[in-house]
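Before any comments, here is the structure.
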Amino acid sequence: MERELREKKVEKLRELGINPYPHKFETTHEIHKIREKYERDPEGEEVVLRAKVKRISNYEGKKLLRLTDESGLEILALTEEQDLKPGQEYTFKGRLIRHEGKLTLADAVLTEEPPDATIAEIKKAYDFDPKGERVSIAGRLVAWRPMGKAAFGHLQDLLGKIQIYLRKDLLGEERFKFVKEFVDLGDVVGVKGKLFRTQTGELTVEVEEIELLSKCLHPLPEKWHGIRDVEVRYRQRYLDLIANPEARKIFLMRSRLLAEIRRFMVDEGFLEVETPVLQPVASGANARPFVTHHNYLDMDLYLRIAPELYLKRLIVGGYPKVFEIGKNFRNEGVDTTHNPEFTMMEFYAAYWDYRDLMKFTERLFQHLVDTVLEGKGEVEFEGHRVNLRPPFRVVRYFDLLEEKTGKGKEFFLRAPLEELVKLATELGVKKPEALTRAKLIDKIFEKVAEPELVQPAFVIDFPKILSPLAKEHREDPDLVERFELVVGRMEVANAYTELNDPKEQYRRFLEQLEEKRAGDEEAMEMDLDFIRALEYGMPPTGGEGIGIDRLAMLFAGVNSIREVILFPAMRPESGE
RNA sequence: GAGCCGGUAGCUCAGUCGGUAGAGCAACGGCCUUUUAAGCCGUGGGUCCCGGGUUCGACUCCCGGCCGGCUCACCA
């Protein structure tokens, strides 16, 4: 087995007095920094180019071509043209971009137009001569092409990949042999040498010194297909990150998303705070909690289902604008849009109402589009082009319900329960007779309205019975001043003008207890200390929660929450 | 929790009608000093997810289980 062979190499290195896991390697550059220094982004410049096709391979449903000129210089091309043959010359028209660091003619099509560029000219304009600069870099060896007395490979770090070139005469007999004998694909290595460009024009380190930094005892996943098995990708995310550039990209984007949200909030004068994850009362949302136990205090605690009630205590305490980004835990099903622990941002602003929150949310989205998506406001989500650029559609909850069912607010709030059950049954809601009125309305809404909400939409003015923490609507006592932002059929944000009347809040909690008795396991719990806090006076306040995982799904254009959570919840592996 | 689909070499995948398993990459040996899905010659590698059953014989058919994916239910 490969593993034993590699373990033997480690032992042998130790016998030779070489540490296979050294403590330190001094680097001068991250790999992408070198590329940035000697490569310019062609930004999609259109060119017409005549060149010979050297090789054709398949890439994500398209053809990836290596194009070459007489001198051997190369660039890549991505095309959907079918009848190309290696060795033939063609004239292509396309947009110049960088694809994994290499100059690439994207969307290349065959054309009759006269060429307006040569590979040499393009290279000269965008790929610069590094003039033998000395660098010291480290990374994982992800490709290895030994050729007798020389060898090529690629070193990869988080953001970049660079070719290395080893020559026996330059490296010396002994060290060349060492590499051949002890360095394997997958190892982490450090190299020192001079930068140059090969005949094809690829930026390359001509290696003068090479050091093994960490041995990889397992063979790497296959270089062309990466790792496809989703189970392995989630359980061994490190392999996914090593082998699949797409996965690296998604989590870099998520990290950027979080950073930009924080930046925006702080720039808007919000204070980042942390409230308890372990809570004696699980409230602030409709969900079943995880229970844990504190040994010293000898008491059960809940993992929070929401930070809401604590954040509002801070508004009472005099912090006018607070936000918290953190994990919530809900003891419920696992599927493509639900993970038992998930990341939320909640924020509260004194003297705001839900209208202010809507405007603010639009500005936040605009900021995220400008930064994370670099101005590209459209994303592909579940086969739809979703435009994340504000302003967003605004639609009233009961207007949407009426449009879809023909029944108005009066029906839903005051018709005999049997009639709602009947409607719910017609719409295919399961076990409607077991549901309370509030749950029935909620289900019917989800059934008829949410499937329509692909483009971003604020659904506003929810029924009061669905919103125990929201303030009564100033124009209609049946409603509350609340909105949900729905995008791609997912609830992405939920916000309201906060209820700050302690007596009213107490009554609403009692109603929740009533709901709980009626069989709704997710109804909220009474939090008496929160009531006491409100009794000291909470200013009029707007509060909002944004689901970060779902936002990341949208921005990444993936339809599974597990694609945007590094280590999603999984059952343990059997047999381990 | 229910239904459907899947689990074969380190990875990506074939495997016909039930006759004890193949390819590419990776690995190993050899050749090769500008290659890049390098190339050429050769070699090794399997708990066919696990446990039963049917059968002369099971990767294949049947039953049970484990893990995963999708759909539904629940939820954000």
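Values below: all heavy atoms of this structure, side chains included; hydrogens, waters and symmetry mates excluded. Chain identifiers are assigned alphabetically (A, B, ...) following the order of the sequence lines, protein sequences preceding nucleic acid strands; residue numbering begins at 1 within each chain.
For the C1' atom pair drawn from A21(B) and G45(B), the interatomic distance equals 13 Å after rounding to whole Å. Distance check on atom C1': G22(B) versus G46(B) gives 11 Å, rounded to whole Å. Nucleotides C40(B) and C5(B), compared at atom P, are 42 Å apart to the nearest Å. U16(B) and G7(B) are spaced 12 Å apart, taking the P atom of each and rounding to whole Å. Spacing between C4(B) and G64(B) at atom P, rounded to whole Å, works out to 11 Å. Taking atom C1' on both C11(B) and G53(B), the two are 34 Å apart, rounded to the nearest angstrom. Between the P atoms of A26(B) and G65(B), the separation comes to 42 Å (whole Å).
Residues that satisfy the ring-ring contact (aromatic ring centres under 6.0 Å, His included) test with Phe176(A), not counting sequence neighbours, are absent from this structure.
In terms of position along RNA chain B, the nucleotide closest to Lys180(A) lies nearer the 5' end than the nucleotide closest to the other residue of the pair Lys180(A) and Lys54(A). Nearer to the 5' terminus of RNA chain B, by closest-nucleotide assignment, is the contact made by Gly226(A) (compared with the other of Gly226(A) and Gln163(A)).
When heavy atoms are screened at a 4.0 angstrom cut-off, Tyr59(A) is found touching no nucleic acid atom at all. Contact annotation for Asp169(A): base contact, defined as any heavy-atom pair under 4.0 Å involving a base atom. Within 4.0 Å of Gly547(A), counting heavy atoms only, lies no atom of the nucleic acid at all. Residue contacts shown for Lys9(A) are limited to sugar-phosphate atoms, with no base heavy atom under 4.0 Å away. Here Leu166(A) lies out of heavy-atom contact (under 4.0 Å) with every strand. The residue Tyr234(A) sits close only to the backbone: its heavy atoms come under 4.0 Å of sugar-phosphate atoms, none of a base. Using a 4.0 Å heavy-atom criterion, one finds that Arg330(A) contacts the bases of the nucleic acid, with or without backbone contacts as well. Nucleic acid contact class of Leu64(A) (heavy atoms, under 4.0 Å, all strands): none. In this structure, Arg550(A) reaches the bases: a heavy-atom distance under 4.0 Å links it to at least one base atom across the strands shown.
What separates CD of Glu308(A) from C1' of A76(B) is a distance of 13 Å, to the nearest Å. Between Glu450(A) atom CD and A76(B) atom C1' the separation is 10 Å, expressed in whole Å. A straight line from CG of Leu220(A) to P of C25(B) spans 16 Å, rounded to a whole angstrom. Taking atom CG of Leu551(A) as the reference point, atom C1' of A76(B) lies 13 Å away to the nearest angstrom. Lys168(A) places its NZ atom 18 Å from the C1' atom of U34(B), with the value rounded to the nearest Å. Rounding to whole angstrom units, CZ of residue Arg228(A) and P of G6(B) are separated by 19 Å. Rounded to a whole Å, the CZ atom of Phe182(A) is 17 Å from the P atom of A27(B). Atom-to-atom, CD of Glu521(A) to P of A73(B) comes out at 18 Å; the value is rounded to the nearest Å.
Using the Watson-Crick or G-U wobble rule with both distances under 3.5 Å, C59(B) pairs with nothing in any strand shown. Across all strands shown, C74(B) forms no Watson-Crick or G-U wobble pair with both key distances under 3.5 Å. Of the nucleotides present, none pairs with C48(B) by Watson-Crick or G-U wobble criteria with both distances under 3.5 Å. Pair check for A27(B) finds U43(B); Watson-Crick or G-U wobble, both atom distances under 3.5 Å. In this structure, G6(B) forms a base pair with C67(B), meeting either the Watson-Crick or the G-U wobble geometry with both donor-acceptor distances under 3.5 Å.
Considering only side-chain N and O atoms, Arg571(A) lies nowhere under 4.0 angstrom from the phosphate OP1 or OP2 of C66(B). In this model, the phosphate group of A27(B) is not approached by any side-chain N or O of Arg6(A) to a distance below 4.0 Å at OP1 or OP2. Contact annotation: Arg562(A) reaches the phosphate of C70(B) (side-chain N/O to OP1 or OP2, under 4.0 Å). Considering only side-chain N and O atoms, Lys149(A) lies nowhere under 4.0 angstrom from the phosphate OP1 or OP2 of U35(B).
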Report the C-alpha separation of Phe290(A) and Tyr302(A) in whole Å, then their side-chain angles, then the decisive distance to 0.1 Å, and conclude whether the ring-ring contact (aromatic ring centres under 6.0 Å, His included) test is met. CA-CA 6 Å; Phe290(A) 287 92; Tyr302(A) 301 102; over 10 Å; no
Verdict with supporting geometry, Ile261(A) and Met345(A), side chain to side chain contact (heavy atoms under 4.5 Å, CB included): CA-CA 9 Å; Ile261(A) 289 172; Met345(A) 174 171 76; 3.5 Å; yes
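A salt bridge does not link Asp129(A) to Lys131(A): none of the charged side-chain nitrogens sits closer than 4.0 Å to a carboxylate oxygen. Contact check on Asp442(A) versus Lys439(A) returns no salt bridge, with no Lys/Arg side-chain nitrogen under 4.0 Å from an Asp/Glu carboxylate oxygen.
Nucleotide U20(B) is shown with a syn base, its glycosidic torsion being within 90° of 0.
Side chain of Arg197(A) to backbone of Glu202(A): no donor-acceptor contact under 3.5 angstrom is found. Within the 3.5 Å criterion, the main-chain N or O of Ala108(A) finds a donor-acceptor partner in the side chain of Thr79(A).
Side-chain atoms of Glu515(A) and Thr436(A) include a donor-acceptor pair closer than 3.5 Å.
On a pure distance criterion of 3.5 Å, no polar donor-acceptor pair joins the side chain of Asp229(A) and the base of C11(B).
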